[in-house]
Amino acid sequence: MPGFELFGAQERKEVNEVLGTGILMRYGFEGARKGIWKSRELEAELCRQLGCKYAQLVSSGTTALTTALAVLGIGAGDEVIMPVFTFVASFEAVLSVGAIPVLADVDESLTLSPEAVRQALTPRTKCVMPVHMCGSMADLDPLMEICREHGLILLEDACQSIGASYKGRALGTIGDAGTLSFDFVKTITCAEGGAVLTNDPTLFEKADGYSDHGHDHKGVDRGADLHPFLGTNFRISELHAAVGLAQIRRLNEFLGIQRKNFALVKEALSGVPEISVRAIPDPAGDSCTFLSWFLPSEELMRAAVAELKEQGIAGGNMYWYEHNWHYIRKWDHLRGSSTLNTLNEGQQLGLRDLADTSYPLSDAIMGRCLSTQISLLWTEAQAREKGEKIAAAVKKVLSRSLVK
Ligand SMILES: *Cc1c(COP(=O)(O)O)cnc(C)c1O
């Protein structure tokens with residue numbers, strides 16, 4: 001799954017070019033950098049491979065989300081509808097711009113349920129933020145329909161799903177803006193980095209300035225830049241961008257391996273009729289970082305997880321329902337408003353509501369779900385064996401439950 005599995009000579013070569021000039025910053029130093037602009041090259045490559053007009057690199061996927069929300073004009077008093085299954089960064093970013101995260105159920109696609117979004121709408125809703133979890137995609141057509149109907153912004157969190165697509169278009173390039181992450185466990189990595197994608201020139205210009213203290217990047221040098229609005233520092237370094245550049249050139253290679261290994265695991269699991277796989281709105285667009293699958297009940301899934309542990313083969317199988325990071329059940333710090341600084345009034349009220357909201361529909365899905373991580377390093381035989389061992393463990397659990 002992650003690019004760190006295949007880190008090597010290409011990555012080192014790109015980094016060494018930057019080290020050769022000593023210019024580690026992405027802006028300025030025109031003469032000294034001797035024509036080396038890794039961040040710019042990576043941005044151009046993202047646009048080329050993903051088919052979007054603009055990409056703004058930033059320091060992480062989290063700051064990409066914050067930047068996107070800020071340039072979309074989302075702030076105090078605004079509600080952002082996001083799913084209960086995501087990475088904590090999604091609500092951290094919403095809170096960081098002063099907005100209110102409103103959590104809505106996921107469906108069997110493991111992404112935002114359009115029906116749940118409709119129910120979560122209020123006069124304060126400003127943005128719908130689907131999260132394309134585990135390499136696959138949210139069903140964007142009905143979500144876009146809701147946004148059109150109600151005049152809302154669509155922001156795609158595609159941090160986990162670079163290279164995946166929906167009806168022929170790359171995830172992250174379909175909404176008003178989208179975000180990517182290149183952290184160490186994402187499909188391609190540069191240790192820490194992220195990007196905001198958009199086709200809107202105004203949003204791009206704002207993202208370019210916002211992520212660099214509001215600099216308009218139009219002066220003869222940095223000191224001469226103007227600052228039409230306040231920004232912050234979310235810059236990426238040239239060293240990180242260099243690694244990212246080497247990795248994005250390998251994106252198609254990584255996706256090819258993932259898809260092949262995914263198919264082998266899936267085939268092995270297909271021998272167990274009680275196993276059903278996650279709903280994928282556009283199967284051809286799956287980036288196949290994980291194979292996510294269900295058993296008929298939470299009880300059976302818990303037994304299967306225990307059996308995998310018992311056999312020492314649970315590694316790489318994520319039971320998100322019990323995970324401290326990805327599902328609302330364990331987000332006590334969010335539900336308890338455990339912040340270090342004072343939230344604005346709207347946020348305080350929003351989080352107070354969240355503290356006693358339950359999500360039985362999502363619980364019923366996540367409690368039965370396991371995501372098997374697809375490695376880039378497996379041989380064909382290893383991928384098949386991985387699937388067969390899981391299938392055998394599940395069969396054992398099922399036969400035990402019949403005996404009971
Ligand atoms: C990883 C991730 C992020 C944040 O990315 P970082 O680069 O780690 O800050 C945001 N959203 C989702 C869904 C993620 O998986």
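Each residue takes its place number in the sequence, starting with 1.
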Review point. Is the closest side-chain heavy-atom distance between L110 and C369 below 4.5 Å?
Key: yes
Review point. Taking the side chain as C-beta and beyond, is there a heavy-atom pair between P130 and T111 under 4.5 Å?
Key: no
**Study point:** Neighbour count >12 (heavy atoms, 6.0 Å) for atom CD, E345
**Key:** no
Review point. Between the main-chain N or O of L103 and the side-chain N or O of Y359, is there a donor-acceptor pair closer than 3.5 Å?
Key: yes
Check your understanding: Would L239 and L19 satisfy side-chain contact (heavy atoms from CB on, under 4.5 Å), going step by step from the backbone distance to the final call?
Key -> CA-CA 8 Å; L239 290 172; L19 292 175; 3.8 Å; yes
Review point. Just by modelled atom types, is the V243 backbone N or O under 3.5 Å from a matching donor or acceptor in the E14 side chain?
Key: no
Exercise for review: Could you walk me through whether L121 and L152 pass side-chain contact (heavy atoms from CB on, under 4.5 Å), step by step?
Suggested key: CA-CA 10 Å; L121 292 171; L152 305 173; 3.6 Å; yes
Practice item. I would like to know whether R48 and E45 meet salt bridge (Lys or Arg N to Asp or Glu O under 4.0 Å); could you show each step before the answer? Key: CA-CA 5 Å; R48 193 182 70 77; E45 195 59 24; 2.7 Å; yes
Check your understanding: Looking just at side-chain N and O atoms, do D208 and Y54 make a donor-acceptor pair shorter than 3.5 Å?
Key -> no
Practice item. Could you tell me whether the side chain of M366 reaches within less than 4.5 Å of the side chain of R329, counting heavy atoms only? Key: no
Point to revise | Any donor-acceptor N/O pair, D225 side chain to D216 backbone, under 3.5 Å | key: no
Point to revise | Any donor-acceptor N or O pair under 3.5 Å, side chains T63, T67 | key: no
Check your understanding: Can you tell which of R169, K167, R148 makes a salt bridge (Lys or Arg N to Asp or Glu O under 4.0 Å) with D141?
Key -> K167
Check your understanding: Within the side chain of E322, is there an N or O that forms a donor-acceptor pair under 3.5 Å with the backbone of Y319?
Key -> no
Check your understanding: Tell me, do S362 and D105 make a side-chain contact under 4.5 Å, heavy atoms counted?
Key -> yes
Review point. Are side-chain heavy atoms of E156 and I174 found at a separation under 4.5 Å?
Key: yes
Exercise for review: Indicate whether any N or O donor in one side chain lies under 3.5 Å from an N or O acceptor in the other, for D107 and S109.
Suggested key: yes
Review point. Does F294 have R278 sitting over its ring (NZ/CZ under 6.0 Å from centre, angle to axis within 45°)?
Key: no
Point to revise | Step-by-step side-chain contact (heavy atoms from CB on, under 4.5 Å) determination, L251 to T187 | key: CA-CA 8 Å; L251 177 61; T187 307; 4.1 Å; yes
Point to revise | Other residues, nucleotides, ligands: >12 heavy atoms within 6.0 Å of F29 CZ | key: no
Practice item. Establish, from distance only, whether the side-chain atoms of T66 and S96 form a donor-acceptor pair under 3.5 Å. Key: yes
Point to revise | Any side-chain heavy-atom pair of P114 and I146 under 4.5 Å | key: yes
Practice item. Go through the steps for Q247 and T189 under the test side-chain hydrogen bond (donor to acceptor under 3.5 Å, both in side chains), then give the verdict. Key: CA-CA 7 Å; Q247 289 254 304; T189 182; 5.5 Å; no
Practice item. Tell me, with the steps shown, if Q258 and S287 meet side-chain hydrogen bond (donor to acceptor under 3.5 Å, both in side chains). Key: CA-CA 7 Å; Q258 278 174 184; S287 72; 4.5 Å; no
Point to revise | Working for salt bridge (Lys or Arg N to Asp or Glu O under 4.0 Å), residues R250 and E253 | key: CA-CA 5 Å; R250 309 175 75 182; E253 173 198 343; 3.5 Å; yes
Practice item. Show your reasoning for whether salt bridge (Lys or Arg N to Asp or Glu O under 4.0 Å) applies to R384 and E380. Key: CA-CA 6 Å; R384 204 170 279 124; E380 248 182 62; 3.7 Å; yes
Review point. Does one side chain, of Q160 or H132, offer a donor that lies under 3.5 Å from an acceptor on the other?
Key: no
Practice item. For the residue pair Q373 and T289, confirm or rule out a side-chain donor-acceptor distance under 3.5 Å. Key: no
**Study point:** Sub-4.5 Å side-chain heavy-atom contact between D157 and L65
**Key:** yes
Check your understanding: Got a sec: does the CD of E205 have more than 12 other heavy atoms crowding it under 6.0 Å?
Key -> no
Practice item. Spell out, as yes or no, whether a donor-acceptor pair under 3.5 Å connects the side chain of S401 to the backbone of L398. Key: yes
Review point. Can you name the one residue among T86, L354, L95 that meets side-chain contact (heavy atoms from CB on, under 4.5 Å) with P101?
Key: L95
Review point. Quick one: are F184 and E192 in side-chain contact, heavy atoms under 4.5 Å?
Key: no
Review point. Under 3.5 Å, is there a donor-acceptor pair linking the side chains of S276 and W293?
Key: no
Point to revise | Distance-only side-chain donor-acceptor flag, Y327 / D363, under 3.5 Å | key: yes
Review point. Within a radius of less than 6.0 Å around CD of E310, do more than 12 heavy atoms belonging to other residues, nucleotides or ligands occur?
Key: no
Practice item. Just say parallel, tilted or perpendicular for the rings of F91 and H333, cut-offs at 30° and 60°. Key: perpendicular
Practice item. Determine whether more than 12 heavy atoms belonging to other residues, nucleotides or ligands lie under 6.0 Å from atom NZ of K330. Key: yes
Practice item. Would you kindly say whether S39 and E238 are connected by a side-chain donor-acceptor distance under 3.5 Å? Key: yes
Review point. Of K396, R302, K395, which is the lone residue that meets salt bridge (Lys or Arg N to Asp or Glu O under 4.0 Å) with E307?
Key: K396
Review point. Okay, side chain of E274, backbone of P296: is any donor-acceptor separation there less than 3.5 Å?
Key: no
Check your understanding: Between S113 and A116, is there a donor-acceptor pair closer than 3.5 Å when you use the side chain of the first and the backbone of the second?
Key -> yes
Point to revise | Under 3.5 Å: donor-acceptor pair, side chain of N344, backbone of G98 | key: yes
**Study point:** Near-ring test H215/H227, centroid separation under 6.0 angstrom
**Key:** yes
**Study point:** Test log, rule side-chain contact (heavy atoms from CB on, under 4.5 Å), inputs V102 and M82
**Key:** CA-CA 6 Å; V102 171; M82 50 164 278; over 6 Å; no
Review point. Taking it one step at a time, do E41 and R249 satisfy salt bridge (Lys or Arg N to Asp or Glu O under 4.0 Å)?
Key: CA-CA 11 Å; E41 265 192 88; R249 290 181 179 141; 3.1 Å; yes
Check your understanding: Would one find more than 12 heavy atoms of other residues, nucleotides or ligands at under 6.0 Å from atom NZ of K260?
Key -> yes
Exercise for review: Consider only side-chain N and O atoms of D212 and H217, and report whether a donor and an acceptor are under 3.5 Å apart.
Suggested key: yes
Review point. When you measure from the centre of the six-membered ring of F87, is the NZ or CZ of K186 under 6.0 Å away and within 45° of the axis?
Key: yes
Practice item. Report yes or no: is the cationic atom of R33 (NZ for Lys, CZ for Arg) closer than 6.0 Å to the six-membered ring centre of W37, at no more than 45° off its axis? Key: yes
